Protein chains: 2
Amino acid sequence: MEMKSVTRSLRILEAVAHHQPVTVGELTKLFGLPKSTVQRTLVSLNEAGWLRANRQDTTRWEIGARVLAVRPAALQGSSLFAAAREPMIRLRDALNETIHLSVPDALQCMVVVDRVDCAHAVRTYYAIGDTSPLHATATGRAILAHLPPADVDELVAHRLERYSDATTVDPAELRAELKRVRTDGYAVNRNQYRPDVCAIAAPVLDEDGTPLASVAVSMPDSRYDADRLPEWGRLVADTASGISDRRLGA
Amino acid sequence: MEMKSVTRSLRILEAVAHHQPVTVGELTKLFGLPKSTVQRTLVSLNEAGWLRANRQDTTRWEIGARVLAVRPAALQGSSLFAAAREPMIRLRDALNETIHLSVPDALQCMVVVDRVDCAHAVRTYYAIGDTSPLHATATGRAILAHLPPADVDELVAHRLERYSDATTVDPAELRAELKRVRTDGYAVNRNQYRPDVCAIAAPVLDEDGTPLASVAVSMPDSRYDADRLPEWGRLVADTASGISDRRLGA
DNA sequence: GCATAGCGTGCCACGATACGGCACGATTGC
DNA sequence: GCAATCGTGCCGTATCGTGGCACGCTATGC
């Protein structure tokens with residue numbers, strides 16, 4: 001049922017992405033596999049055009065540009081990506097905090113797809129491709145709030161994992177929060193996932209109300225100001241709906 | 001030397017990306033492979049997290065968000081990407097034409113990695129991930145002009161493919177054009193690749209003069225004005241060198 | 001309503017093929 | 001100049017992917 005060489009080659013591909021440019025030896029240590037096996041896999045990935053030798057050190061491997069041609073359906077041929085770009089920068093300019101764009105992956109987790117950094121010396125850090133849980137983040141709850149109830153039921157059927165003291169693990173409490181998100185238009189997270197990280201997020205919706213992605217402003221707890229929450233929440237929600245409009249208008 | 005199942009699974013992955021959401025049957029027709037083989041490959045790709053079933057029609061497959069964690073080395077840990085973003089927007093604002101950021105892939109072709117759209121109703125369209133030939137585009141020649149002569153020799157050793165009446169297919173003519181690019185600081189393309197598409201491009205250089213990427217402004221032939229070429233060329237070149245500086249300063 | 005065609009999926013014996021131990025040559029560090 | 005380490009290539013064997021086939025299901029057309 002599972003093709004060993006395929007899954008392994010993809011694991012290796014991911015490892016190359018995280019450690020590029022990387023040598024055969026480093027990868028064998030990482031995986032504990034025979035040299036020949038890793039080497040053969042790298043050559044195959046190279047022949048497929050997904051890997052290439054580093055220009056300076058031809059014994060090191062790195063990811064080729066081919067992967068950019070393969071983009072998730074969630075990005076809708078990257079029109080979402082392009083539409084979000086400028087509104088995100090404007091939001092960053094207005095608030096001077098880091099802005100993230102995330103999409104849900106198979107309703108399992110959120111994946112960061114784009115980022116605009118702020119100018120503060122201390123700032124939150126998520127890399128593009130990082131994942132986070134749906135129930136414990138603002139970005140995830142902004143999506144959850146606009147999903148069919150059946151999907152939410154399925155999520156709470158599994159135990160809601162606790163990441164910190166503040167994490168919402170009670171299904172009823174989560175549902176109440178989601179209801180609040182729908183009326184206010186934005187979701188909030190104070191230290192519920194990563195300690196000392198707060199965020200305010202709003203969903204980008206499809207024409208039929210399906211949540212495609214969410215925009216979030218995230219900041220250290222020290223800069224979180226509850227008094228300004230309504231104002232910031234409105235700004236984030238406006239940005240998100242602006243992206244929806246741009247996407248559909250194009 | 002080549003692992004059949006690996007290369008084939010990646011071909012299938014790419015096919016899914018281009019036709020998503022797609023069914024098993026459609027893929028079997030595309031490749032002429034047995035149903036079971038395609039099916040098994042899809043399941044394996046799914047288990048690796050690179051594929052997922054469509055939400056509406058669970059019998060259709062699409063690309064998962066996992067691929068976003070795998071980024072080309074050419075983006076230099078996305079510092080190039082981040083450095084280019086705002087200068088590109090300023091250039092778009094100045095010219096009101098679509099701006100593309102492209103990187104060379106294994107010196108075979110250029111790949112579009114970012115885009116900022118203009119406001120015109122009629123505009124050029126390249127998606128992120130699209131590829132174009134080195135010798136027939138402004139974006140490619142901006143790179144070629146700053147490559148070691150040996151690399152250019154290797155390129156012209158293969159036949160220069162013709163895409164339109166205007167395509168430069170004569171090696172000597174290409175070399176003369178590259179020399180002009182080096183003195184002027186920007187490359188030009190009038191309908192040499194896609195008919196009715198013109199572009200002006202300049203390279204983003206590394207500290208040692210290696211071309212990393214190129215910035216291009218592209219427009220329909222109807223809006224191309226030869227009289228303004230020097231001015232626009234200078235603006236594009238300034239933007240590109242500004243990106244180089246930002247990248248190194250950061 | 002029934003027949004049929006087409007779909008996605010699961011099974012299994014066969015045989016191609018990827019595995020991994022090993023050896024070679026190049027490079028680096030002592 | 002020696003030794004350790006690395007990337008690479010080879011080859012017999014066991015494994016693993018292959019693809020023909022059959023099943024259950026859905027949509028289509030008579």
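Sequence lines set the chain letters: A, B, ... in the order given, protein chains first and strands last, and positions in each chain run from 1. Small disclaimer: the values here were computed from a predicted structure and weren't measured.
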Would you say a side-chain N or O of A:Gln39 is under 4.0 Å from OP1 or OP2 of D:dG7?
-> no

Examine C:dC7: is either OP1 or OP2 under 4.0 Å from a nitrogen or oxygen in the side chain of B:Thr23? Give yes or no.
-> no

Between atom CE in A:Met3 and atom P in C:dT17, what is the gap in whole Å?
-> 12 Å

Cation-pi between A:Arg71 and A:Phe81: NZ/CZ under 6.0 Å from ring centre and within 45° of the ring axis?
-> yes

Side-chain N or O of A:Ser5 less than 4.0 angstrom from OP1 or OP2 on C:dA18?
-> no

Tell me yes or no: between the side chains of A:Arg52 and B:Gln108, is some donor less than 3.5 Å from an acceptor?
-> no

For the side chain of B:Lys4, counting heavy atoms from C-beta on, which of D:dG19, C:dG20, C:dT17 is nearest?
-> C:dT17

Can you check the A:Glu47 CD to C:dA18 P distance for me, whole Å?
-> 11 Å

Side-chain donor-acceptor pair present, B:Glu47, A:Thr7, cut-off under 3.5 Å = no

When the distance from NZ of A:Lys29 to C1' of D:dT5 is rounded to whole Å, what number comes out?
-> 9 Å

Separation of B:Arg60 atom CZ from C:dG6 atom C1', in whole Å?
-> 14 Å

Taking OP1 and OP2 of C:dC19, is either one under 4.0 Å from a side-chain nitrogen or oxygen of A:Thr37?
-> no

Among A:Val16, A:Leu51, A:Ile63, whose side-chain contact (heavy atoms from CB on, under 4.5 Å) with A:Leu45 holds?
-> A:Leu51

Answer with yes or no whether the side chains of B:Glu26 and B:Trp61 bring together a donor and an acceptor at under 3.5 Å.
-> no

Which part of the nucleic acid, if any, lies within contact of A:Ser36, taking any heavy atom under 4.0 Å across all strands shown: a base, the sugar-phosphate backbone alone, or nothing?
-> base

At under 4.0 Å between heavy atoms, what does A:Thr59 touch on the DNA or RNA strands: base, sugar-phosphate, or nothing?
-> sugar-phosphate

Selected nucleotide, minimal atom distance to A:Lys35 side chain, candidates D:dG19, D:dT8, C:dT9 | D:dT8

Nucleotide of C:dT17, D:dG19, C:dG20 approaching A:Arg8 most closely (side-chain heavy atoms) = C:dG20

Look at the side chain of A:Arg40 and the base of C:dG20, then say whether one donor and one acceptor between them are separated by less than 3.5 Å.
-> yes

